[in-house]
Amino acid sequence: MQTKPFRIGTRGSPLALAQAAETRARLMAAHNLPEEMFEIVVLSTTGDRITDRPLSEIGGKGLFTLELEEQLTSGELDFAVHSSKDMPTVLPEGLHISAYLPREDVRDALIGRTASSLTALPDGAIVGTASLRRQALVRRIRPDLQVTVFRGSVGTRLRKLDEGHVDATLLAFAGLKRLAQEDVVTELLDPAEFPPAPAQGAICIESRIGDARVDALLEAVNDRQTYDAVSCERAFLMALDGSCRTPIAGYALCEGEHLRFSGLILTPDGQKEYSVETEGVRGQAEALGRQAGERVRTAAGPGFFETWS
């Protein structure tokens, strides 16, 4: 029987801490364990410390997971909690995503200072976002707008918005809900027009492969629909060598034992795109995502991807 507390690794942002606390609460309820059986361990990651440059310039998504994964590998942590869309498609040897919590709303939220919606922003207005996908989608819809890199925690971005650094910013609605800050949203964007990032809205738990004790603990909170949907989306991303350097959107939806997926790739200026749709049985989620990625890569041709460099 476990006597020492399970050590849960997380970043230190308010959103990361909220996600770790939700994970702990679900595990406590699932196993009827007291809070003292779960210790939340906060680590600062390279991605947290460097906030003045786009992730694409400093190494990509892995900068938010490296320090946590090092302590997972060494055994100092039992598992780590992440925003799934921050996870690289290739994990360090010996680690895997062992569980997903039930997924939140996948939509992007606009927080406007000078107008309440993307279409209502005045010509030449400045939209701040660190996401290449959001930048490309904004430019696709409103090529007249200026788009600037806008990094930092949710609180930092909202403060900069209030200070007038930009006219609007975009954030994941799921994160705002987890922080109980839905009231700042001025527009929720339709996923059909503004599709989400692969894995957006999902919290994942990473652990060591072969740790049966931890696997048994986490299986009780693993949401199978989210697991299958996000596995499909991450396979799509992997087939496209997706990272923070690539404007890619993708969303899978499970309906019973059926899965539907739609994906989109864009040039950074938002003026050229290729989309794909597919469906099949949930048991083939990863294969469906991988095949969708291969189809859209073939349709776009190698020249399309060179524009991302």
Side-chain angles (χ1 to χ4, degrees), residues 13 15 47-48 50-61 63-64 83 85-86 106-176 181-198 200 242-250 264-275 300 303-309:
S13 72
L15 178 56
D48 294 315
I50 302 175
T51 60
D52 60 344
R53 283 167 282 167
L55 289 178
S56 57
E57 293 181 6
I58 57 174
K61 295 182 181 182
L63 295 175
F64 285 125
S83 291
K85 67 183 180 66
D86 289 339
V106 303
R107 289 176 292 179
D108 284 299
L110 181 94
I111 302 94
R113 183 177 61 86
T114 56
S116 62
S117 68
L118 188 60
T119 56
L121 286 168
D123 288 355
I126 303 172
V127 177
T129 174
S131 160
L132 290 188
R133 172 189 60 88
R134 289 175 180 143
Q135 291 174 16
L137 288 169
V138 167
R139 290 173 175 136
R140 178 178 73 160
I141 296 168
R142 289 288 307 274
D144 60 293
L145 297 178
Q146 299 180 59
V147 183
T148 188
V149 174
F150 204 56
R151 286 197 57 211
S153 67
V154 170
T156 298
R157 289 188 238 187
L158 293 176
R159 176 179 53 78
K160 289 181 178 179
L161 176 66
D162 288 340
E163 292 171 352
H165 292 262
V166 296
D167 295 293
T169 190
L170 292 153
L171 294 167
F173 187 44
L176 292 169
Q181 291 187 266
E182 303 100 310
D183 59 323
V184 303
V185 176
T186 58
E187 181 184 26
L188 285 173
L189 297 166
D190 184 348
E193 296 296 321
F194 209 97
Q200 185 157 308
S243 70
C244 283
R245 298 178 178 84
T246 53
I248 299 174
L264 176 72
I265 59 173
L266 306 96
T267 50
D269 63 6
Q271 299 308 298
K272 192 172 183 181
E273 64 183 66
Y274 290 89
S275 61
F304 181 89
F305 296 89
E306 289 169 5
T307 66
W308 292 348
S309 301

Contact between V147 and T129 at the side-chain level, heavy atoms closer than 4.5 Å - yes or no?
yes
Backbone N/O of G124 and side chain of Q146: donor-acceptor pair under 3.5 Å:
yes
Can you see which heavy atom on P122 is nearest to which on L145, and at what distance?
O-CD2, 3.6 Å
Do the side chains of E187 and L118 get nearer than 4.5 Å, heavy atoms only?
yes
With the threshold set at 4.0 Å, does a side-chain nitrogen-carboxylate oxygen contact exist between D108 and R133?
yes
Atom of L176, atom of A109 and distance for their closest heavy-atom approach
CD1-CB, 4.0 Å
Counting N and O atoms only, with roles assigned by atom type, does the side chain of E182 sit under 3.5 Å from a partner on the main chain of F173, one being a donor and the other an acceptor?
no
Would you check if V166 and R157 make a side-chain contact, meaning some heavy-atom pair closer than 4.5 Å?
no
Nearest 0.5 Å please: distance from the CD1 atom of I126 over to the CG atom of L161.
11.5 Å
Smallest heavy-atom separation, L266 atom then G270 atom, equals CD2-CA, 4.3 Å
Short side-chain to backbone donor-acceptor contact, S153 and T156, under 3.5 Å:
yes
Is atom CD of E163 surrounded by more than 12 heavy atoms (other residues, nucleotides or ligands) closer than 6.0 Å?
yes
Please name the pair of heavy atoms, one in A168 and one in G112, separated by the smallest distance, quoted to 0.1 Å.
CB-CA, 4.0 Å
What is the distance from atom CZ of R113 to atom NZ of K160, rounded to the nearest 0.5 Å?
14.5 Å
Beyond-backbone contact of V138 with F194, side-chain heavy atoms, under 4.5 angstrom
yes
Is there a side-chain contact between R142 and D123 (heavy atoms, below 4.5 Å)?
yes
Donor-acceptor check, side chain of S116 to backbone of T186, threshold 3.5 angstrom: yes or no?
no
Given the rule in the salt bridge (charged side-chain N to carboxylate O under 4.0 Å, His left out) test, do D269 and R140 qualify, once you have shown the distances and angles that lead to the verdict?
CA-CA 7 Å; D269 63 6; R140 178 178 73 160; over 6 Å; no
Check the pair V127, R134 against side chain to side chain contact (heavy atoms under 4.5 Å, CB included), reporting the backbone distance first and the verdict last.
CA-CA 10 Å; V127 177; R134 289 175 180 143; over 6 Å; no
Hey, could you give me the CG/CZ distance between L189 and R107, rounded to the nearest 0.5 Å?
9.0 Å
Note, V185 side chain near L110 side chain (heavy atom, < 4.5 Å):
no
Under 3.5 Å, is there a donor-acceptor pair between the side chain of T169 and the main chain of G128?
yes
Nearest heavy-atom pair of P198 and K85: which atoms, and what distance?
O-CB, 3.6 Å
Give a yes/no verdict on a cation-pi contact between K272 and F304, requiring under 6.0 Å between NZ or CZ and the six-membered ring centre and an angle within 45° of the axis.
no
Rounded to the nearest 0.5 Å, the CG atom of L264 sits from the CD1 atom of I248 at a distance of 9.5 Å
Given side chains that start at C-beta, do those of D162 and R159 come closer than 4.5 Å, heavy atoms only?
no
